[in-house]
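Comments concern the structure below.
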Amino acid sequence: MSAVPDKPSLEGIESRWIGEWDAAGIHAFDRTATRDNVFAVDTPPPTVSGSLHMGHVFSYTHTDTVARFWRMRGRDVFYPMGWDDNGLPTERRVQNYFGVSCDPSVPYVAGLEPPFRGDPPKDHKPVPVSRPNFIELCEELTAEDEKVFEDLFRRLGLSVDWSLLYSTIDARSRRASQRAFLRNLARGEAYTREAPTLWDVDFQTAVAQAELEDRERPGAYHTVAFARTDESGEILIDTTRPVLIPACVALVAHPDDERYKPLFGTTVRTPLFGVEVPVLAHELAQPDKGTGIAMICTFGDLTDVIWWRELNLPVRAIIGRDGRIVADAPEAIVSTEGLAAWASVTGRSINQAQTAIVGMLRESGDLRGEPRAIVHPVKFYEKGDRPLEIVTSRKWYIRNGGRDTDLREALLARGESLVWHPDHMRHRYSNWVEGLNGDWLVSRQRWFGVPVPVWYPVLADGSVDHDAPIVPDESRLPVDPLVDVPEGFDPSARDAPGGFTGDPDVLDTWATSSLTPQIAGMWGDDDDLFSRVYPYDVRPQGHDIIRTWLFSTVVRAHFEHGSLPWRNAALSGWILDPDRKKMSKSKGNVVTPIDLFDRYGSDAVRYWAAGARPGIDTAFSEDQMKVGRKLAVKLLNVTKFVLGFGEADPTARPVEPLDAAMLTRLSGVVDEATRAFEEYDYARALERTEAFFWWFCDDYVELVKGRAYGGHGDVAAASARAALLRALSTVQRLLAPMLPFVTEETWSWWQEGSVHRAPWPTADETAAGADTDAAEELIAAICGTIAAIRRAKTEAKVSQRARVETVAITATPAELDAVRAGWTDIADAGSVDAVSWHEGPAGSLAVDVTLAPAD
RNA sequence: GGGCGCUUAGCUCAGUUGGUCAGAGCAUCUCCCUUACAAGGAGAGGGUCGGGGGUUCGAGUCCCUCAGCGCCCACCA
């Protein structure tokens with residue numbers, strides 16, 4: 001306990017209490033807690049490559065209020081933090097910062113010193129380093145960012161247990177990720193397959209369905225003629241990608257399309273390249289698109305993949321992984337003219353090749369009319385800059401119901417039994433799961449990730465047997481197959497006939513972050529801890545990553561534990577700028593959190609965040625922060641004032657009707673706030689508490705302060721003081737989850753221990769079993785009277801301090817009784833000298849105020 | 001094309017099972033330097049609750065329909 005300051009202030013309270021909380025271990029998880037008394041949060045690990053922005057402040061505050069609520073309710077709160085530093089953005093920064101590139105063929109060097117630390121010269125050629133060295137450099141660089149993140153989250157007042165910190169690339173995460181993958185593999189839930197895959201030619205990596213986005217791009221329909229091989233005419237097709245003509249393997253039209261029915265089974269020759277391809281029928285061909293007949297290429301889009309697979313067509317791949325036309329012409333191109341045409345496109349970029357082919361088509365007369373410009377959606381990797389291509393390669397997949405009805409049903413059922421906040425978010429989940437069209441592709445051709453923990457036998461002829469992967473024992477994890485050697489092999493057997501070769505890929509970043517409950521809970525490393533926290537109580541996250549993070553986490557938990565990973569999912573909305581657009585850096589409308597903390601205080605920023613309904617997009621509003629700051633300042637001042645009346649007589653009871661009614665109202669607020677928090681509706685809890693608090697300050701305290709000073713005797717004073725202190729204690733605790741700093745500050749002036757470990761208030765402790773309606777009627781009558789007196793003074797343009805000669809009250813007998821019960825307080829607060837009482841019919845409550853003549 | 005959400009004072013939004021629900025904050029205007037707080041306080045004005053129809057004694061609150069906005073998914077020759 002510390003003394004009440006003369007001039008209460010918010011200055012410096014954040015750094016002071018952050019330090020105190022750390023020292024006292026207020027947020028530490030008790031590892032002896034049993035699961036039924038734990039509240040476990042599967043905290044989203046923010047991506048470290050950027051900087052924290054208001055969106056983070058917003059959503060993490062929501063979670064923190066709930067965590068603080070449950071801590072006060074007596075739960076042992078498991079509230080870890082993680083950093084998502086595993087992935088592409090970090091790789092790019094490391095390359096640019098240290099002047100290195102990752103080359104898995106380079107041997108590991110212990111204690112490697114990178115050529116630069118920051119700003120290599122422009123002409124510097126990146127120095128190749130091994131994958132383990134590269135990962136070490138990634139870790140070094142992200143460590144600095146992570147310190148900044150931690151400081152910001154502490155400043156925000158998150159009640160995280162920082163001893164539970166992890167990062168998605170650290171050894172613990174790699175171990176959990178590889179262990180889970182190996183178990184998926186052992187159970188047949190992970191498999192490897194050679195298949196066409198969406199490919200980003202810049203990042204040079206495969207991309208999963210969940211990472212796609214459509215972007216509108218300009219294109220053009222080109223009408224191209226295919227000659228029938230029986231010389232009976234030609235078929236016109238429309239295509240936006242004539243560049244793929246050398247990859248054409250068939251034409252396709254709808255089976256019911258009368259225009260093309262006679263042609264099914266016949267063949268045509270591709271223009272320029274002279275390859276004979278069949279004309280086929282398939283339901284997916286749309287008669288109203290273009291000319292109604294399309295060319296199938298390997299591969300132009302995902303529909304091509306379906307046609308290719310279902311019609312058993314050959315592969316004529318022409319686009320390489322670097323986004324250029326490959327060197328070798330498809331075997332089907334044999335004619336002199338065809339090979340000549342090929343020679344003019346090979347090695348060129350897709351755009352260059354397209355231009356060249358259009359030119360040749362124009363020259364040969366196979367292009368009919370001019371290309372017609374259109375704008376159409378094209379698939380992109382969400383982080384990518386160029387349209388995705390489709391290449392065939394061997395990749396690892398984890399089953400997710402995209403190809404298996406039973407699994408899909410099981411995962412849909414998981415989504416059904418999850419409690420969603422708000423509830424309608426469940427549709428995003430089922431919508432996504434029902435729309436899956438393939439399993440989850442988890443191989444990525446990157447370096448700063450968790451390696452796929454398998455090797456493959458190299459056969460005597462030098463070929464690799466991908467169907468018999470060699471796996472490490474779990475006790476060895478994490479492993480890097482490009483450095484570590486499988487059991488029973490000598491390092492010299494690497495890539496040698498009869499030896500082994502390591503899988504060069506890493507796992508998709510979601511393949512690791514889908515295991516955050518397991519990682520944070522130390523699954524496999526400390527199963528005792530894990531059993532105390534799993535399944536978690538809540539997964540808080542943004543609604544934009546339901547299809548990725550939420551779904552993939554459900555998949556992994558379903559396979560590994562046969563359960564949901566959490567009981568609740570709490571989805572937060574977006575931060576919008578005041579123009580109702582999503583805030584983004586490019587528009588220059590981003591404000592840094594630290595600046596706002598400095599200007600308004602952390603509590604005020606939290607107040608703004610906590611005012612947003614769960615899952616609702618919310619406008620960024622400094623006005624709300626100003627209001628939050630006012631609230632915090634008000635709490636300082638009213639606490640100082642109330643404590644100034646002196647300590648409560650422990651035997652005193654709030655016997656005065658107004659005092660009891662105030663506490664009865666407060667008990668209702670406690671009930672509502674508690675219920676709201678139990679349903680993750682921190683905003684409702686705040687709103688109710690705040691509304692009470694302002695009424696308490698503006699009306700109740702004003703009414704009773706004269707009495708509390710002792711102006712009407714000791715008994716009446718003791719009643720007021722007891723009620724004031726009881727209410728103060730309750731309000732401070734109700735506000736503690738949202739305003740942790742100022743509540744702790746004011747609590748410390750008169751209470752022992754942290755408010756954040758104080759018991760959450762109950763309705764019983766303020767007013768057990770009181771008559772709510774009667775209390776509200778009493779309050780309405782008394783506050784209505786004082787309001788009328790204030791209004792009269794305002795209208796007369798005199799000070800509120802001005803004396804009132806007399807007040808005539810006309811009301812029903814019951815109302816008159818209520819006003820009488822509070823009359824001494826009203827007379828004090830309104831400076832009223834005399835009163836007269838007049839009975840009237842219902843609805844007649846009138847307060848006639850006669851002001852005293854001015855001096 | 002399918003799914004979901006939103007539409008209440010100038011602005012941002014509350015209105016939990018239909019009955020003082022027509023509200024809050026900001027903004028605007030008026031007044032008050034009152035001894036917790038002038039980076040305060042006391043008051044005022046302002047909305048036919050998107051349009052239309054229906055159920056009901058009674059509907060922002062339930063049903064149907066239309067319109068606008070937003071998001072997710074699908075399509076993408």
Side-chain angles (χ1 to χ4, degrees), chain A residues 4 7-8 212 214 216-217 219 221-224 237-242 244 251-253 284-286 289-297 300-304 307 374-379 422 424-432 434-437 543-544 546-547 573-574 576 578 580-582 600 611-613 615-624 626-627 629-630 633-645 672 675-676 679 681 683-684 687-688 690-691 694 697-698 701-702 705 709 780 786-787 789-802 829 831 843:
Chain A
V4 181
K7 290 289 279 181
L212 302 181
D214 285 349
E216 294 288 333
R217 299 297 289 232
Y221 276 123
H222 300 71
T223 303
V224 178
I237 62 106
D238 276 344
T239 178
T240 56
R241 302 196 70 188
L244 291 175
L251 299 187
V252 65
L284 279 181
Q286 297 182 25
K289 276 250 168 94
T291 60
I293 187 164
M295 64 173 186
I296 302 174
C297 305
D301 61 33
L302 293 175
T303 315
D304 279 344
W307 281 328
I374 58 163
V375 174
H376 64 155
V378 178
K379 285 208 187 305
H424 68 256
M425 291 294 179
R426 66 172 62 254
H427 299 294
R428 305 246 181 134
Y429 177 94
S430 55
N431 209 342
W432 173 253
E434 285 162 4
L436 287 169
N437 56 29
H543 56 64
D544 54 324
I546 289 173
R547 68 176 182 172
W574 292 111
L576 308 175
R580 310 298 299 159
K581 301 275 166 34
K582 191 180 165 191
Y600 302 108
R613 247 65 200 176
I616 304 296
D617 292 347
T618 302
F620 174 79
S621 167
E622 290 195 35
D623 282 345
Q624 283 305 107
K626 290 175 186 166
V627 175
R629 187 173 178 84
K630 272 176 61 176
V633 169
K634 193 75 173 181
L635 185 61
L636 287 176
N637 284 313
V638 80
T639 300
K640 175 178 187 295
F641 187 57
V642 168
L643 296 181
F645 293 123
E672 283 195 83
R675 264 201 310 278
E679 292 163 17
D681 194 348
R684 186 179 187 80
E687 180 195 61
R688 294 307 151 111
E690 187 190 11
W694 284 111
C697 292
D698 294 343
V701 173
E702 289 297 326
K705 67 185 183 186
Y709 275 127
I786 189 69
I789 293 168
R790 286 169 174 164
R791 192 178 308 117
K793 292 180 180 180
T794 296
E795 284 167 1
K797 301 196 175 187
V798 297
S799 163
Q800 289 297 323
R801 199 173 43 171
S831 306

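Only heavy atoms go into these numbers, but all of them, side chains included; no hydrogens, no water, no symmetry mates. Because the structure is predicted, anything quoted here is derived from the model rather than measured. Each chain gets a letter, A, B and so on, in the order the sequences are listed, and its residues count up from 1.
- Within the 4.0 Å cut-off from OP1 or OP2 of B:C76, not a single side-chain nitrogen or oxygen of A:Tyr221 is found.
- Distances shown here put a side-chain N or O of A:Thr303 below 4.0 Å from the OP1 or OP2 atom of B:C76.
- Taking 4.0 angstrom as the limit, A:Arg613 places a side-chain polar atom (N or O) nearer than this to OP1 or OP2 of B:G15.
- Taking 4.0 angstrom as the limit, A:Arg791 places a side-chain polar atom (N or O) nearer than this to OP1 or OP2 of B:A44.
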Quick test: give all pairs of protein nitrogen or oxygen and nucleotides 29-33 of chain B nitrogen or oxygen below 3.5 Å, distance rounded to 0.1 Å.
none

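- A:Arg675 comes within 4.0 angstrom of nothing in the nucleic acid, heavy atoms only.
- At B:C71, none of the side-chain N or O atoms of A:Arg428 fall inside 4.0 Å of OP1 or OP2 (strictly under the cut-off).
- When heavy atoms are screened at a 4.0 angstrom cut-off, A:Glu795 is found touching no nucleic acid atom at all.
- Here B:U16 is the nucleotide among B:U16, B:C76, B:G40 with the atom lying nearest to any side-chain atom of A:Glu672.
- Heavy atoms of A:Tyr600 sit nowhere under 4.0 angstrom from any nucleic acid atom.
- Of all the residues in residues 637-645 of chain A, A:Asn637, A:Val638, A:Phe641 reach under 4.0 Å from RNA chain B with at least one non-hydrogen atom.
- Base contact: A:Arg688 has a heavy atom under 4.0 Å from a base atom.
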N/O-N/O pairs, protein side and nucleotides 19-22 of chain B side, under 3.5 Å:
none

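- Within 4.0 Å of A:Ser621, counting heavy atoms only, lies no atom of the nucleic acid at all.
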Nucleotides 61-64 of chain B: which of its N/O atoms have a protein N/O under 3.5 Å away?
none

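- Annotation: ring pair (Phe, Tyr, Trp, His ring centres under 6.0 Å) contacts of A:Phe645 (sequence neighbours excluded): A:Phe641, A:Tyr709.
- Taken together, the paired segments of RNA chain B that extend over three or more consecutive Watson-Crick or G-U pairs, each closer than 3.5 Å at both contacts, are B:1-7 with B:67-73, B:10-13 with B:23-26, B:28-32 with B:40-44, B:50-54 with B:62-66.
- Taking 4.0 angstrom as the limit, A:Lys630 places a side-chain polar atom (N or O) nearer than this to OP1 or OP2 of B:C26.
- Taking 4.0 angstrom as the limit, A:Lys7 places none of its side-chain polar atoms (N or O) nearer than this to OP1 or OP2 of B:A36.
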